[in-house]
Amino acid sequence: MSIILNSSSRIVVQGITGKEGQFHTAQMLEYGTKVVAGVTPGKGGNTEQGVPVFNTVHDAVKKTGANISILFVPPPFAADGIMEAAAAGVDWIICVTEGIPVQDMIKVKSFLKDTSAKLIGPNSPGVISPGKSKAGIMPGFIHQEGSIGILSRSGTLTYEAVAQVVEEGFGQSTAVGIGGDPIIGSRYIDLLQLFEEDDQTEAVLLIGEIGGTAEEEAAAWAKGHFSKPLAAFIAGQTAPPGKRMGHAGAIISGGKGKASDKMKQLQKAGIRVIENPALMGKTLHDLIKERK
Amino acid sequence: MKIHEYQAKELFQKYHIPVPRGDIAKTVEKARSVAEWLGTNTLVVKAQVHAGGRGQAGGVKIVHSADEVADTSRNLLGKSIITHQTGGAGKRIQTVLVEEGIQIRKEFYVSMITNRSAGKNILMVSTEGGMDIEKVAQESPEKIHIEPIHPATGLLPFQKRRLTNALELSRQEGDMAGRIFENLIRLYTELDASLVEINPLVLTDESFLIALDAKINFDENALYRHPELGIYKDTSDLEEGERIAEEAGLSYIPLTGNVGCMVNGAGLAMATMDIIKYYGGSPANFLDIGGGASAETVAKGFQIIVSDPDVKAILINIFGGIVRCDRVARGIIEALNTVDVHIPVVVRLKGTNSEEAATLLRESPLSFIVADTLADAAQKVVRAALERGGKA
């Protein structure tokens with residue numbers, strides 16, 4: 001039945017009247033996503049593409065029953081927007097905004113502990129459960145409904161993976177961009193847990209990259225807790241230490257975050273590690289065949 | 001953003017973290033006059049470059065007179081220093097810091113970073129001051145003591161007691177250290193640092209604690225709210241490509257290989273470098289031209305890549321999602337009308353309208369090598385680089 005998003009998910013778009021917000025609201029509506037509300041402080045009472053706009057997330061949730069929020073809010077205001085959504089009682093918050101200061105995210109993480117909301121991102125391309133709903137900036141048409149779960153820290157590399165998976169004849173249950181920032185909400189482990197429990201998902205592709213230790217932690221956890229076929233690719237095998245490779249979180253520092261270490265830990269945990277990124281789809285295909 | 005040691009020490013002083021007396025010099029005469037003003041028997045001359053490992057590379061000298069300070073400064077200023085962090089060309093020394101020598105009784109390591117998994121700032125100390133901390137972490141991790149700092153409470157009294165114990169300090173010294181730690185935490189959070197490192201923090205013969213070295217990196221995403229840090233930005237040691245990228249707001253990291261690459265999205269850009277390596281080539285750079293891939297950014301991309309004389313062939317790998325591939329193809333053709341590129345260009349456009357895009361490229365008078373899959377693109381560009389004499 002997919003994770004996070006399904007056909008009954010009701011979306012509120014924070015920053016709906018901004019350029020990005022407007023554009024992607026149109027794209028999401030076109031995909032069939034139930035965008036039920038928008039929020040822009042000071043613009044309450046207006047409509048945007050037929051969607052009612054509210055001054056606060058609280059109002060939007062109360063009036064429309066929105067349960068998932070997506071943020072297209074500029075970096076200086078995004079952390080506040082995430083906390084506002086959490087306080088308003090949504091289940092999931094998907095933050096697309098790139099460039100939120102790390103110290104702001106430390107406050108957000110601490111704040112979220114006292115709420116029941118879960119965060120995807122920031123710096124995430126969003127979440128898509130193909131055929132059901134899309135809350136994000138990914139091109140909907142490349143996806144197909146199916147049985148593969150995808151978790152990734154990047155955008156276009158995920159689209160590449162999706163395209164390869166589709167070429168192998170598979171669709172996706174849900175594809176989640178967990179975000180390219182150093183501090184993010186939901187991590188691989190949280191989402192692998194959801195895929196483990198999801199009956200639509202038969203196998204999972206994990207796309208990691210240099211920086212931090214999230215992949216190592218996922219490997220250690222998956223060993224005892226994840227029973228479905230799992231393959232992983234780690235981007236940045238050729239990245240030098242100490243340099244930020246585009247994403248704020250993609251940096252090898254203090255001897256931590258190397259692709260080789262991540263690949264070793266994943267392999268050790270029995271996860272199929274993909275060395276050649278052209279073979280993400282094919283490896284998954286092979287893995288599923290072997291298990292059957 | 002990285003800043004120089006002397007700049008970090010300026011900030012330390014603002015936050016009441018003690019540092020040795022001293023001043024910077026860009027000329028030999030100034031270095032001598034700083035030494036004369038200090039008037040101490042022991043003096044230290046330190047090269048100011050954006051790279052670690054200066055000590056081993058001869059960038060830090062301890063001397064005993066103003067004449068020696070002048071001689072040392074003459075040897076350093078204007079020269080390049082090569083450390084394990086600078087790359088082969090090294091970094092040119094334009095400034096030295098001249099300081100009083102300090103009588104050291106004990107040396108400690110102190111740093112603050114953000115722990116990504118925990119989502120918290122952490123204070124890290126060790127009795128192994130002055131050492132390479134990565135080595136200490138590997139060989140004797142028990143000698144590193146870590147205190148997570150809660151965003152709501154800051155450093156708590158019990159944590160100060162634990163730090164005092166970990167550093168084997170007396171109560172009085174511990175109080176002094178506690179104040180330094182509090183100031184360091186304040187500096188880190190108020191200024192949005194991503195690293196503050198004091199290696200070493202020293203205990204003097206007179207039982208004072210002084211930061212002998214200082215390193216601060218800042219979170220680039222937070223610079224917008226710290227205009228006062230703008231004066232610390234030093235781009236004088238950037239290469240040409242890095243300068244163009246910085247002006248255009250593109251993410252570019254030069255490497256030592258010969259296959260240039262231009263990709264939309266950081267993850268796909270890294271994966272593209274990886275697959276070039278996988279097929280026996282060697283990537284010359286990381287370059288993310290962003291989601292839109294307009295003619296203008298592609299032109300900047302070409303300028304950046306061809307500024308590196310080692311590049312023998314270029315791979316453009318664009319996944320056109322919301323932006324259509326035919327538009328990207330037109331942009332690439334347009335860009336090549338404005339930038340001179342005399343090396344093979346392999347183009348792979350995937351996504352919406354990719355077939356129209358391939359036709360546009362094939363029919364253009366410019367001789368593109370059009371590729372279909374990621375593997376096809378990588379193999380074609382590696383072959384093209386080899387044919388032009390590039391080493392694998």
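Naming: A, B, ... by sequence-line order, numbering from 1 per chain. Being a predicted model, the structure only gives us computed values, none of them experimental.
For A/I100, the part lying near chain B is the backbone, with the side chain staying farther off; criterion is any non-hydrogen pair under 4.5 Å. Neither the backbone nor the side chain of B/A269 comes within less than 4.5 Å of any heavy atom of chain A. Looking at A/T156, both its backbone and its side chain come within 4.5 Å of chain B, counting heavy atoms on both sides. Neither the backbone nor the side chain of B/Y252 comes within contact range of chain A; no heavy atoms are under 4.5 Å apart. Residue contact with chain B, scored on non-hydrogen atoms closer than 4.5 Å, involves the backbone of A/I234 exclusively. Neither the backbone nor the side chain of A/E98 comes within contact range of chain B; no heavy atoms are under 4.5 Å apart. Within the 4.5 angstrom heavy-atom criterion, no atom of B/T272 approaches chain A.
Note: A/G211 leads A/S110, A/G211, A/A239 in heavy-atom pairs under 4.5 Å with chain B. Heavy-atom pairs under 4.5 Å with chain A were tallied for B/A137, B/S251, B/A266; the largest tally goes to B/A266. Contacts with chain B were tallied for A/P277, A/A278, A/P241; A/P277 has the most, counting heavy-atom pairs under 4.5 Å. Taking chain A as the reference chain and counting heavy-atom pairs below 4.5 Å, the highest number among B/T373, B/V263, B/N264, B/I276 is found for B/N264. Here A/P182 is the residue among A/A248, A/P240, A/G242, A/P182 with the most heavy-atom pairs under 4.5 Å with chain B. Ranking A/A259, A/G140, A/A161, A/P76 against chain B, the residue ahead of the rest is A/P76, based on heavy-atom pairs under 4.5 Å. Of the residues considered (A/S152, A/G99, A/S154), A/G99 shows the highest number of contacts with chain B, using heavy-atom pairs under 4.5 Å. When B/A375, B/A271, B/A378, B/P151 are compared by the number of non-hydrogen pairs under 4.5 Å with chain A, B/A271 comes out ahead. Heavy-atom pairs under 4.5 Å with chain B were tallied for A/G155, A/P75, A/A214, A/G212; the largest tally goes to A/G212.
Exactly one of B/N121, B/N221, B/T189, B/D219 qualifies for a side-chain hydrogen bond (donor to acceptor under 3.5 Å, both in side chains) with A/Q103. That residue is B/N121.
Residue-environment remark: CD (A/Q49) exceeds the threshold of 12 foreign heavy atoms within 6.0 Å. No more than 12 heavy atoms of other residues, nucleotides or ligands sit less than 6.0 Å from atom CE of B/M131. Applying the 6.0 Å contact sphere to CD of B/E228 captures more than 12 heavy atoms from other residues, nucleotides or ligands. Heavy atoms from other residues, nucleotides or ligands lying under 6.0 Å from CD of B/E190 number more than 12.
Across all non-hydrogen atoms, the minimal contact from A/I106 to B/K120 is CD1-C, 4.2 Å. Pairing each heavy atom of A/R244 with each of B/I253, the nearest pair is O-CD1, 3.5 Å. When all heavy atoms of A/A250 and B/M270 are compared, the closest pair comes out as CB-CE, 3.8 Å. Nearest heavy atoms, B/K350 versus A/A163: CE-CB, 4.0 Å. The two atoms that bring A/E209 and B/G267 nearest to each other are OE1-CA, 4.2 Å, heavy atoms only.
Legend: salt bridge (charged side-chain N to carboxylate O under 4.0 Å, His left out) pairs involving residues 272-293 of chain B, not counting sequence neighbours: none detected.
Qualifying salt bridge (charged side-chain N to carboxylate O under 4.0 Å, His left out) partners for B/D192, counting only residues two or more places apart in sequence or in other chains: B/R225. By the salt bridge (charged side-chain N to carboxylate O under 4.0 Å, His left out) test, A/E216 pairs with A/K262, sequence neighbours left out.
From B/E134, atom CD reaches atom NZ of A/K256 across 9.5 Å, with rounding to the nearest 0.5 Å. Atom CD1 of A/I183 sits about 5.5 Å away from atom OG1 of B/T114, to the nearest 0.5 Å. The distance from atom CE of A/M245 to atom CG of B/L287, rounded to the nearest 0.5 Å, is 10.5 Å. Atom CD1 of B/I113 sits about 7.0 Å away from atom OG of A/S253, to the nearest 0.5 Å. Interatomic distance, CG of B/L374 versus CG of A/L279, reported as 9.0 Å (0.5 Å rounding).
When side chains are defined from C-beta on, A/L157 does not count as touching B/F319, because their heavy atoms never get closer than 4.5 Å. Looking only at side-chain heavy atoms (C-beta outward), B/S117 and A/R187 come within less than 4.5 Å of each other.
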Please evaluate residues B/Y279 and A/N276 with respect to the criterion side-chain contact (heavy atoms from CB on, under 4.5 Å), reporting the C-alpha separation (whole Å), side-chain torsions for both, the decisive distance (0.1 Å), and the verdict. CA-CA 9 Å; B/Y279 286 110; A/N276 178 351; 2.9 Å; yes
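Scanning residues 119-130 of chain A against chain B with a 4.5 Å non-hydrogen threshold yields no residues.
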